[in-house]
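I have placed the structure first, in the form of structure tokens, so that the comments after it can refer back to it.
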Amino acid sequence: MRSAKALLSVVLAGAVLAGCGSGSSTPAKETGKDGKKEQGGATAEPITEITAPSGYKSREGWQQKLTWLPESAKAVPVAVAPQSDRVAYLTVIDETGYAVQVRNAATGTVEWTGKPWSPPTPLSEVNEASSFQSDEPELPGVTTVHQGDRDYVVAWGHGVRGRDELNSGREVVELEIFPVDASGKNVTPAHRVSVPLKNDDSDPIVSADPDDLRVRDGGAGLLITWDGYTTYGASVDMETGKVTSYGNGTGLGVDCDGDKCPARVAAVGADGPVAFNDLRGGFEAPGQWSSQDVIPDGASAGPLRADGKRNGEVVGVIGTRLVARWVPEGEDSSDDSIWSVHDTKTGRIQASTACADPDYDLGNGPDDPVVVASPSGRYVAYGPVLFDTRDRKGTCLAGDESRKSVLIRAIRDDGTAYGGVPSADTEGTVAEVRAADGTVEALPIGTELPLQALKNSGLFVTRNNGAGLLVTGLRSR
């Protein structure tokens, strides 16, 4: 069995951290491919140009090369705090561990670098006969959380701690929690938290499938969900580091014909979690509000004829916004669904619209819909549905006989959205959408879409010719 440090030396052999661009940037000391430290400093090298939409200045910005990331890795260890306008990513410092680094999104200036950290030993290194053996290594990640009026950066790793010749160890998700407004080098995390993953029998090794593990902003804290025999969840308070375990959700009080049944946690509210259940349908903040009380216009209010479930299905969450899909009133088999975006604290509908169901598989592929939002939060989108929460309206971009679907990937505060056509329809076609009137315009072939639109810039993450990732911040026009 290789240790986490061995994984660093074998799989992540060396890292070159190069900060460059027309804006000022000062990288921390990092490790070169020869294993020696390189002294970073301000540079004035031109950035590697990418083909960006016309709303961005392709030669004005900053870049960061993450050369440590294996070519086989699908993970993107980059996260954005839109309200603070900061970008966080993971880098490697020698073989001592990974480190979080945070930049100002607009200027590219490195604001702080965390202390090196060695994550838990991956499951594939612990279980020789593990079903999780693959060419893609399980690597640590980074995410951001907005809680209260503050942003936090969280580095996380999944694996086993405490395993040796005499001890089996336990499976955990380990967290390094930093306030985003930290400063300096070798910054110590505000909290180091270890969240044990347990199943119904509290077994120390759950063997949670890494593909089903989610670590993300839950709205009022960090939310961790994983699959064992069923779906389990836990939340972490960023201010205190306190862990709240939800188990398989039976303790949330969600009923199934008078009996308590497992429920999945979709979000974390200030007064408790928001849960949904596949068996009975619907979603709710137990003891506070129910989806039955916030059914949008045009959706069926009664049990669904096909299976007797309650109406309402959570399709995704971003921060304090929840997107739901509903069966329309009158007929369960309609081609269109009713889509709505809700405030996770109150359940209140912020916008809704009718739109056709996706005609593609929903999973974890590059074309699968994800919930995205503009930096201010005014615009929210899921796949082909684009919401304006201020004007309380939605735009449907689903395809029909004469046009193809567009799946939204990023939205600017001015209502300009960027998306792509599912590859099953047209490989590589991307488009620009105006939320104001729903106008769609195809972009030139090869145009890169931003991973995230920020206040005055856009963040682009592209493959760096087989040598990891190229993280680029481009100024807005």
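Source: prediction; values computed, not measured. Residue numbers run from 1 in the order of the sequence given.
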Does a side-chain N-to-carboxylate-O contact under 4.0 Å join D181 and R86?
no
Flag the pair R103 and E111 as a salt bridge only when some basic side-chain nitrogen lies within less than 4.0 angstrom of an acidic carboxylate oxygen.
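Answer for the salt bridge query: no.
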Qualifying salt bridge (charged side-chain N to carboxylate O under 4.0 Å, His left out) pairs, either residue in residues 445-462, two or more places apart
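Checked against salt bridge (charged side-chain N to carboxylate O under 4.0 Å, His left out) - neighbours excluded - no pair reaches residues 445-462.
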What residues form a side chain to side chain donor-acceptor pair (under 3.5 Å) with [X], not counting sequence neighbours?
{"X": "N186", "answer": "none"}
{"X": "D388", "answer": "R378"}
{"X": "Y246", "answer": "S235"}
{"X": "T240", "answer": "D237"}

Whether the [X] and [Y] side chains hold a donor-acceptor pair (N or O, under 3.5 Å, no angle test) is what I'd like checked.
{"X": "Q350", "Y": "H342", "value": "no"}
{"X": "T113", "Y": "K185", "value": "no"}
{"X": "E171", "Y": "H158", "value": "yes"}

Quick one: side-chain contact (heavy atoms from CB on, under 4.5 Å) partners of [X], sequence neighbours excluded?
{"X": "D413", "result": "S374, P375, S376"}
{"X": "V430", "result": "L443, T447, L449"}
{"X": "V371", "result": "I318, V323, V380, Y382"}

Which value, rounded to the nearest 0.5 Å, describes the distance between N456 atom CG and T107 atom OG1?
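N456 atom CG to T107 atom OG1 measures 11.0 Å (nearest 0.5 Å).
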d(Y56 OH, S476 OG) to nearest 0.5 Å is 5.0 Å
Heavy-atom neighbours of E239 CD exceed 12 at 6.0 Å:
no
Strictly under 6.0 Å, is that where the ring centroids of Y98 and W68 end up?
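For Y98 and W68, the ring centres are under 6.0 Å apart.
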Partner set under salt bridge (Lys or Arg N to Asp or Glu O under 4.0 Å) for [X], not counting sequence neighbours:
{"X": "R348", "value": "none"}
{"X": "E174", "value": "R161"}
{"X": "R412", "value": "D414"}
{"X": "E432", "value": "none"}

Under the side-chain contact (heavy atoms from CB on, under 4.5 Å) rule, what do V80 and T144 come out as? Steps first, then yes or no, please.
CA-CA 7 Å; V80 174; T144 60; 5.7 Å; no
